[in-house]
Visitor: 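Provided herewith is a single structure, encoded as structure tokens, for subsequent inquiry.
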Protein chains: 2
Amino acid sequence: MNKDLNSKGKPDIVAVAKAAGVSISTVSRSFNHPELLKPATRKKIDRAVQRVGYIRNRAAQVMHGRRTATIGLVVPTIDNAIFAELIQSFSAELDANGFTMLIASHGFDLDREYQMLRKLMEHRVDGIAVIGLEHSEASYKLIEQQDLPAVAIWNYAQGARLPCVGVQNLKAGRMAAQHLLDLGHRDIGLIFPETDGNDRAKDRLLGASEALQRAGVEVPADWQLEAPYNIAEAKRASASMLRHSSRPTAILCGNDIIAQGVLFAARSGGLDVPRDLSVMGIGDFKGSAEFEPSISTIRIPARQIGIVAAKLILDSVANLPENPNAFECDLVLAARGSTIRIK
Amino acid sequence: MNKDLNSKGKPDIVAVAKAAGVSISTVSRSFNHPELLKPATRKKIDRAVQRVGYIRNRAAQVMHGRRTATIGLVVPTIDNAIFAELIQSFSAELDANGFTMLIASHGFDLDREYQMLRKLMEHRVDGIAVIGLEHSEASYKLIEQQDLPAVAIWNYAQGARLPCVGVQNLKAGRMAAQHLLDLGHRDIGLIFPETDGNDRAKDRLLGASEALQRAGVEVPADWQLEAPYNIAEAKRASASMLRHSSRPTAILCGNDIIAQGVLFAARSGGLDVPRDLSVMGIGDFKGSAEFEPSISTIRIPARQIGIVAAKLILDSVANLPENPNAFECDLVLAARGSTIRIK
DNA sequence: CGAATCTATGAAAACATTTGCAAAACTATT
DNA sequence: AATAGTTTTGCAAATGTTTTCATAGATTCG
């Protein structure tokens, strides 16, 4: 039986100390303050670490007030082009700072979101990030009461209850609508995801509706559809609208995935985009620019948002002096091939 | 100053005990063995927990040999349609069993992968999942030496060094090629991602080449391209091949993203798919079926793989009796609109 | 050469929790 | 009312690490 193992079968700092013939404190110091050690001792310890296969135990460090060096991220779903892009950049930025990401998804269920937050807090994450600004009162209370550094990603709003990094989805909706209006469209269809528990979609729809109304454009009920975040469903949903002889000249979609569905539906129905129909997206997902026709959309800089959010939360964890607690990322109109001036 | 807080400002079990007027052990038991407590005591404690806002500290539990209830996942990148799907289902299955996912990405760099593995081990994950079966010797050694439950996802191979759940990418490549051969194609182009450090792509390419060779089909060097996992690049890369007067009648792509790029390139170049060109993908990503034309591909059941992998690792963590240590998921040919029999 | 100063190392307390063991508080049985 | 048995609770040790304080050696200097 190997004496270099603790009760759980993993070598611990004691095993290293024994193997190196030094005290426990010295081993600990070799990790945390190597400059205090005699080079020879350091070498002895390094070799012992190698020999016994020691890996530091964060749990034990955490008990001394050390950070866990983990950040929790709670998202509606990982499996979603634009979130994936965000998650990747967020995680990469954390990695670059020695942090690790704990992730949990709730499937657009705000009660589950609360549960996930609790779960992450049990793991004593040093900070927490959530998507959007719409959360259950319980979730907000929890974050405030635990006094945990937090950041809301994706939505920007002045006076938000949490520090936030993102865009004004209201503005995104407005810009998308304005682009179609500028091109002379008046017969406009709307296809948006369900807005319940999804303030991003809610705001976009609101912004778009507002802009249209202000321009005196009314959208008949049967030109206003709901479709999930899903090409197949969006294709199906829009197909019905496009089959009709009285169809809109343009369709404004809540996101680029829906726009893709609409483009496929149009193609499948023998309509040429943009000649017969203009299609507008929101988001500018990967591939939207390469689509044929290329998708006109409002660019949301997911990558940038992820990086900025990570920096913000890390600063906050490190207790850096008053960083701005809200950061608005710019939206830009990407006018491309799927929209055209009406004749 | 609130006396219900520990040195770090978070209420601990002592605070709860004090607030409930019971001993620390009793509070601990109320979480771990509630059936041992008098219902009245339990209630008192529950209320105290509420009152002081206590959240259990996993780090401290871990020190007693408790599981961390975390599983580490190391992927090349999160930001990738098919991995995202896998990650989502893997994570959901873990969640359902009370586990949390720690995730790290290495950007197709096997040395970084090793670093990430170490990092996750410092967090004392109960098990670890990696993508594919190609890893540095150091990584394999590390996993073996730490004796950590592990699973390799995505690739299946008999006699693999790790338990694995996935498909035979070799077979996928072969099936894709066979489909084109069955349709009478002999002039076939290949566009695959870089195969270095990516055994999935390597195997697919190998399988495809093998099948073609066996059928006596030779692929000229300028019909064999490398493209990253990226619609834009794939579109650009294939455009050059398609412009040539002597172009293949079919293109076999290493994955569906590349296939999408090729489809857009064809469209952009005025070629009709499948009339002028057949395009074959591998993977069957979300949206491939809805594409216009729908993409012929080899279906890899990402969702299923994620769930099975999660179950396997959880079983392994729970030390369940000898589960099969390799699980092959079925590949099916999805013959759709982007491929057609040659005239 | 002895005192003073530095440098390198070790001993032990502290961190938040779990758990084996023992004591206390009830219940049931005579 | 005393005893035996059962249920409920508390005490204290243990977990793996960091860190403060103390000490042993090494170095400098008059």
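Residue numbering restarts at 1 for every chain, and letters A, B, ... go by the order of the sequence lines. In this text the structure is predicted, and so the values were computed from the model without any measurement.
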Visitor: Heavy-atom nearest nucleotide on DNA chain D for B:Arg124 versus B:Leu36: which residue maps closer to 5'?
Guide: B:Leu36
Visitor: Would you give the length of the straight line joining atom CZ of A:Arg200 to atom CD1 of A:Ile82, rounded to the nearest 0.5 angstrom?
Guide: 12.0 Å
Visitor: Please find the pair of heavy atoms, one from B:Pro11 and one from B:Val52, that lie closest to each other, and give the distance.
Guide: CG-O, 3.3 Å
Visitor: In whole Å, what is the span from the CD atom of A:Glu35 to the C1' atom of C:dA8?
Guide: 12 Å
Visitor: Evaluate the ring planes of A:Tyr54 and A:Phe31, with Trp represented by its six-membered ring, and classify them as parallel (under 30°), tilted (30 to 60°) or perpendicular (over 60°).
Guide: tilted
Visitor: A:Leu37 has a side chain; which of C:dA16, D:dG16, C:dT9 sits nearest to it?
Guide: C:dT9
Visitor: Heavy atoms from C-beta onward define the side chain here; which of C:dT19, C:dT17, D:dT18 lies closest to that of A:Ile13?
Guide: D:dT18
Visitor: Grab the NZ-C1' distance between A:Lys44 and C:dA8 for me, whole Å please.
Guide: 11 Å
Visitor: Is the shortest distance from a Lys or Arg side-chain nitrogen in B:Arg58 or A:Glu122 to a carboxylate oxygen in the other one below 4.0 Å?
Guide: yes
Visitor: Check every strand shown and say whether B:Tyr54 touches a base, only sugar-phosphate, or nothing at a heavy-atom separation below 4.0 Å.
Guide: sugar-phosphate
Visitor: Find the distance between OG (B:Ser316) and CG (B:Leu148) and round it off to the nearest 0.5 Å.
Guide: 8.5 Å
Visitor: Does atom CD of A:Glu144 have more than 12 heavy-atom neighbours from other groups under 6.0 Å away?
Guide: yes
Visitor: Do A:Glu113 and A:Ser136 have a side chain donor and acceptor closer than 3.5 Å?
Guide: no
Visitor: With rounding to the nearest 0.5 angstrom, report the CD1 to CG distance, A:Ile131 to A:Asn155.
Guide: 9.5 Å
Visitor: Output the rounded distance in Å from CZ (A:Arg67) to P (C:dC15).
Guide: 17 Å
Visitor: Near DNA chain D, counting only heavy atoms under 4.0 Å, which residues of residues 20-30 of chain A show up?
Guide: A:Ile24, A:Ser25, A:Ser28, A:Arg29
Visitor: Between atom NZ in B:Lys10 and atom C1' in C:dT17, what is the gap in whole Å?
Guide: 17 Å
Visitor: Expressed as a whole number of angstroms, how long is the span from B:His33:NE2 to C:dG20:C1'?
Guide: 11 Å
Visitor: Would you please confirm or rule out a distance under 4.0 Å between OP1 or OP2 of C:dA16 and any side-chain N or O of B:His64?
Guide: no
Visitor: Calculate, to the nearest 0.5 Å, the distance between atoms OG1 and NZ belonging to B:Thr41 and B:Lys43 respectively.
Guide: 11.0 Å
Visitor: What nucleotide among C:dA16, C:dT19, D:dT19 has an atom nearest to a side-chain atom of B:Asn57?
Guide: C:dA16
Visitor: Can you tell me how far CG of B:Asp196 sits from CZ of B:Phe108, rounded to the nearest 0.5 angstrom?
Guide: 11.5 Å
Visitor: Please tell me which of the listed nucleotides, D:dT19, D:dT9, C:dT18, lies nearest to the side chain of B:Thr41?
Guide: D:dT9
Visitor: Below the 4.0 Å mark, does D:dT15 have OP1 or OP2 next to a side-chain nitrogen or oxygen of B:Arg66?
Guide: no
Visitor: Just N and O in the side chain of A:Gln61: are any of them under 4.0 Å from OP1 or OP2 of D:dT18?
Guide: yes
Visitor: A:Phe31 CZ to D:dG16 C1': how many Å, rounded?
Guide: 12 Å
Visitor: Dump every N/O contact between nucleotides 25-27 of chain D and the protein below 3.5 Å, one line per pair.
Guide:
none

